[in-house]
Amino acid sequence: MAPRVLLWHRTDLRLHDAPALQAALDLKPEAFFPTWTWNPHYVHRQAVGPNRFQFLLDSMQALSESYAAVNAKQKLHVLRGPPETILPMLFKRWKITHLVYEYDPDPYACDRDEEATKLAEEAGVEVIVKHGFTLYDPRKIIEKNKGKAPIAYGPFCKLIASIGDPAKPIDAPTELPDPGDTSLDEPDRADHDVGPYRERDVNHVSRKGDDHGFDTVLGPNGDFSVPTMEELNLEEATSTIRGGEKLALEGLDAYLEDKKKVINFEKPKTNPAEFDPPSTTQLSPHLKFGTLSCRLFYWRLREVIDGTKHSEPPTSLIGQLLFREQFNTLMSMNRKWRQMLGNPMCRFFDWHLANQYDEEGELKPLDSNPEAEEHLKKWSEGQTGFPWIDALMRQLKETGWIHHLGRHSVACFLTRGHCYISWERGEEVFARYLVDWNSAMNVANWMWLSASQFFHQYYRVYSPIAFGKKHDPSGKLIRRFVPELADIPDKYIYEPWKAPESVQKKAGCIIGKDYPEPMLDEKAAKEDTLARVKASYDLKIMGDDPSALDGSAREKLRAARKDKIDGDDVPDQDGTEESPAKPTRKRQASGQSHDKRKTKQTKLK
DNA sequence: GCTGTGTTGTTCGT
DNA sequence: ACGAACAACACAGC
């Protein structure tokens, strides 16, 4: 039987160097169906803000047009519904013989793809999985290292060096087979139910009204069209970062023009306060959505640096790609990657507002902690009263991007630096607002900054005042993103509460009225948090330790703190003390909704 | 068990 | 501009 191939796009919104696409074409199909399942899990259950939705829709539309440019009969066929019902329908209706997709190391994706593979096999469809999201196949790296991936960067680099160079990129196809007969009657929505997802739509906060993206399965005109922001009823994107393969390749070309910059790139020496233009490549969203192939990026970099004296990993640009490689590899072998409890790679802390689970592994409402809730809310909205932190958080929300070191600064502040709030809460906020959000990079860096893994010198704390000042003494970033402070003199721009009343008046910004007072005493919060971090470090247990899972580690830390406080005769400042007696109070909304959380941790929805 | 290393801290000294 | 003190972590390699 001549092959009829369904290419399931997810992480590979491009035609250049796309191994799954190439594998599909290598089958010499009589009918070829590039397909996207518009998945209600992604639309309603993952925190995604308008900026990232816009980038995704741009990229899907661009891919569809690129297909059509090669073969006018082709397009990206978008079917709106859960993959576990859409795919079996297509297998049958389009008489599919082969399902081809790119390996996605994300834990949710692994579950989803295992289910899809099972369904394909039940339908007698052959499944072909290619790697292309990373330079190497994560499964091969782990196999080569006897089932484990090194957690330290150096050994990881050595390991992949022993495998050799990554494969060279392959060109985009110049011709494509036809799709064959794609005619379908509009399916019954009941067969592709999205109700349970919409009921708990975590993205309702960025909608102007109801989501109409699932009104039909085949699209409003029955032609498998790419959804629009209007159909999704999303607020307008505020970011200027736009998606699509063409923009990715142009961005790459433009960045590589300045060869000196590429050759001497050292990440820690790039400036987190630069935003117009930023001091880094701006290619991360394209790697996230696969509008740019990481192998193409890698080999284009090699072309520039080979034969010259150049910066080296970890600080070089290649070094950045190797971090991406390592974090994706580690994630691929850890289904509890995105949480602390149950995660063997993540140190246990008794953070405020940490995820907790019932016996069935369902998320429970968070413990009440009014002070921490207020801190989280102010942090996520850029209202902490620390201009540097607030500028970065507002930059994140508005532009969908902040510099890596800016991410460090705000993440450290929220977790081990000043607020002692679980990295899981910060990770959610980044997931909503970052255009380049990616589970491997985002989670790994949150673990890094919270000293939960990779980084352990927890006493090195970013100052919310000094760190920014070092890079941007006149506070240009603050003046741009916190306009109420625009006329505060340089001397006070990082600490406006120290400005005399006359100065505040002259600048038209009264602290406590036009801009908030600092939400906490920086020095006292740092000391208190450092002591908590040290106490958790002394426990030396990871998130999957029995005492972490049964709550006894938490109790132990609480009791030790109480002893110490009683001994010192200092009033108790821990807002969690009352929670055992009074289980769960309604939590405040905090930039995103936690109130309807009841996600199965591992099961495919 | 010891030593060196770890992308990217801060403050104070010269 | 750069070095040392701060208080002191984990991990790899020997």
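Chain identifiers are assigned alphabetically (A, B, ...) following the order of the sequence lines, protein sequences preceding nucleic acid strands; residue numbering begins at 1 within each chain.
Here the nucleotide nearest the side chain of A:Y537, chosen from C:dA12, B:dT7, C:dC9, is C:dC9. Side-chain atoms of A:Q457 lie closest to B:dG6 of the nucleotides C:dG13, B:dT7, B:dG6. In the set B:dT10, C:dA10, C:dC9, the nucleotide with an atom closest to the side chain of A:K540 is C:dA10.
Note on A:K269: every side-chain N or O is 4.0 Å or more away from OP1 and OP2 of B:dT8.
Counting non-hydrogen atoms under 4.0 angstrom, A:Q320 reaches a base of the nucleic acid. Counting any heavy atom pair closer than 4.0 Å across all strands shown, A:F455 reaches no nucleic acid atom. At a threshold of 4.0 angstrom between heavy atoms, the contacts of A:S463 are confined to the sugar-phosphate backbone, with no base atom among them.
Taking atom CZ on A:F156 and atom P on C:dA12, their separation rounds to 14 Å, with Å as the unit. Computed from coordinates, the A:L317 CG to B:dT8 C1' distance equals 15 Å when rounded to whole Å. For the pair A:K526 NZ and C:dA7 C1', the computed distance is 12 Å after rounding to whole Å. Atom CZ of A:R416 is separated from atom P of B:dT8 by 12 Å (rounded to the nearest Å). As rounded to whole Å, 5 Å separates atom P of C:dC9 from atom OH of A:Y458. Between the P atom of B:dT10 and the CD atom of A:E495 lies a distance of 13 Å, rounded to the nearest Å. Taking atom CD of A:E266 as the reference point, atom C1' of B:dT7 lies 9 Å away to the nearest angstrom. When the P atom of B:dT10 is taken as reference, atom OH of A:Y462 falls 7 Å away, rounded to whole Å.
A gap of 22 Å separates the P atoms of B:dT10 and C:dA10, to the nearest Å. For the C1' atoms, the distance linking C:dA8 with B:dT5 amounts to 15 Å, nearest Å. Nucleotides B:dG4 and C:dA4 have their P atoms positioned 15 Å apart, rounded to a whole Å.
When both distances must be under 3.5 Å, the Watson-Crick or G-U wobble mate of B:dT7 does not exist. Checking C:dA7 for Watson-Crick or G-U wobble geometry (two distances, each under 3.5 Å) identifies no partner in any strand.
A distance-only check finds no donor-acceptor pair linking the side chain of A:K526 to the backbone of A:G417 [under 3.5 Å]. Checked by atom type and distance alone, the side chain of A:N271 pairs as donor or acceptor with a backbone atom of A:H471 at under 3.5 Å. For the pair A:N334 (side chain) and A:L330 (backbone), a donor-acceptor distance under 3.5 Å is absent.
Between A:R554 and A:D350 there is no salt bridge, since no side-chain nitrogen of the basic residue lies less than 4.0 Å from a carboxylate oxygen of the acidic one.
For the ring-ring contact (aromatic ring centres under 6.0 Å, His included) test with A:F386, the passing option among A:W497, A:Y515, A:Y494 is A:W497; the others fail.
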